[in-house]
Structures are given as C-alpha cells and as structure tokens.
Amino acid sequence: MFNAVNEAVQTVNQNANVLFANDRVKSNRANACNGGWLIHDTGSGLFTLVNNNRCGCATFRVDFNANITSATDGALALAIKSNGEQVAGTEMDYTPATANVYESVSASTVIVVPAGASKTISIGNLNPTATLVKNANIIIEKKR
C-alpha cells in the first residue's frame with residue numbers, strides 16, 4: 001500500500017499535475033528498489049506502477065481526493081491520468097460561483113498493468129483555468 005499527501009495549497013495550471021510533497025505510508029512491497037511495484041519521487045506528481053511478473057496482469061486501485069477552487073469563478077476539472085491520458089470515469093468537476101470557495105472532489109479507478117510492463121499515473125488539470133488544490137491525498141493499492 002502507498003499513500004502520499006500534499007496539504008499546502010498549490011496552483012495547478014492547465015495540463016499540469018497535482019504534486020505530492022509527503023509519502024505518508026509506503027509498504028516494503030511497494031518499494032521499487034527492493035523489487036516492488038511503485039516508483040515515486042517525493043514532491044513529484046508521477047507514480048509509476050510496475051508489474052515485475054513474467055506472466056499475468058497486475059491490478060492496482062487508485063483513490064484520490066482533494067479540496068479545489070480557483071482565484072476566479074468558472075468550471076474546474078481534474079482527472080486521474082494513465083500514461084498522460086485521462087482514465088474514463090475519473091473526471092472530477094466543480095464550478096465555484098465565488099472565487100476561493102473550496103469543494104471536495106474525489107475519484108477512484110482500477111489500473112491494469114500487463115506482465116513486464118509499467119504505467120505512470122498522475123492527477124491532471126483538464127481545464128484552462130489554474131486550479132488551487134489543497135489537502136491532496138492519493139492511495140494506491142496493489143490488488144493482485
């Protein structure tokens with residue numbers, strides 16, 4: 001299991017990723033240096049899921065939640081991305097009527113990684129408006 005957070009407010013521009021400053025929980029099995037299944041540089045918004053098996057797919061559950069707003073009113077949208085592309089069913093929308101009013105958003109998905117392959121996961125801003133993100137939290141679990 002792996003859990004990373006970023007409590008401070010960060011500005012996430014269009015096509016940029018939410019960054020995660022603290023790795024709170026990282027099981028020994030998640031440590032890629034020990035033959036595990038996850039690569040994450042603290043402070044980065046990229047998480048590489050690795051399937052070291054020679055046969056069979058690996059399944060990962062990704063859960064994300066945060067509070068978002070913007071300095072202006074208007075629509076906002078974040079999504080979980082896999083290898084830079086939006087994962088269907090993970091778009092998180094919020095339209096603040098007043099600037100700087102936060103709302104909680106969340107999404108969950110399952111990512112399948114083929115044998116001997118990897119996929120890079122991120123949380124990206126889909127909107128042209130810069131999004132303010134605070135209390136970002138991501139949990140990644142290897143299911144099998």
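Remark: Phe60 engages Trp37 in a ring-ring contact (aromatic ring centres under 6.0 Å, His included) (not counting sequence neighbours).
Distance alone, capped at 3.5 Å, places no donor-acceptor pair between the Asp23 side chain and the Phe2 backbone.
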For residues 6-22, dump all side-chain donor-acceptor pairs below 3.5 Å to protein atoms at least two apart in sequence or in another chain.
from	atom 1	to	atom 2	distance (Å)
Asn6	OD1	Ala21	N	3.1
Asn6	ND2	Ala8	O	3.2
Gln10	OE1	Leu19	N	2.9
Gln10	NE2	Leu19	O	2.9
Asn17	OD1	Ser122	OG	3.4

Side-chain donor-acceptor pairs under 3.5 Å in residues 62-79, sequence neighbours left out?
from	atom 1	to	atom 2	distance (Å)
Asp63	OD1	Arg61	NE	3.0
Asp63	OD1	Arg61	NH2	3.1
Asp63	OD1	Ser108	OG	2.5
Asp63	OD2	Arg61	NE	3.0
Asn65	OD1	Asn137	ND2	3.1
Thr69	OG1	Asn100	N	3.3
Thr69	OG1	Val101	N	3.0
Thr69	OG1	Val101	O	2.9
Ser70	OG	Thr72	N	3.4
Ser70	OG	Thr72	O	2.2

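The two residues Gly56 and Ala115 make their nearest non-hydrogen contact at O-CB, 3.3 Å. Nearest heavy atom pair, residue Asn3 against residue Ile138, reads ND2-O, 2.9 Å. Here the closest non-hydrogen pair linking Met92 and Ile80 is CE-N, 4.3 Å. Nearest heavy atom pair, residue Val112 against residue Cys57, reads CG1-CB, 3.6 Å.
Taking the side chain as every heavy atom from C-beta outward, Leu132 and Lys134 never approach each other to under 4.5 Å. Using a 4.5 Å heavy-atom cutoff, the side chains of Pro114 and Lys119 are in contact. For the pair Lys81/Leu126, a side-chain contact is recorded, criterion being any heavy-atom separation below 4.5 Å from C-beta on. No side-chain heavy atom of Val50 sits under 4.5 Å from any side-chain heavy atom of Leu38.
A distance of 8.0 Å separates OG1 of Thr90 from CD1 of Ile111, quoted to the nearest 0.5 Å.
Residue Ile121 is grouped with residue Val87 when hydrophobic side chains (ILVMFWY) are merged at heavy-atom distances under 4.5 angstrom, including chains of intermediate members. No single ILVMFWY cluster, assembled from side-chain heavy atoms under 4.5 Å apart, contains both Val5 and Ile123.
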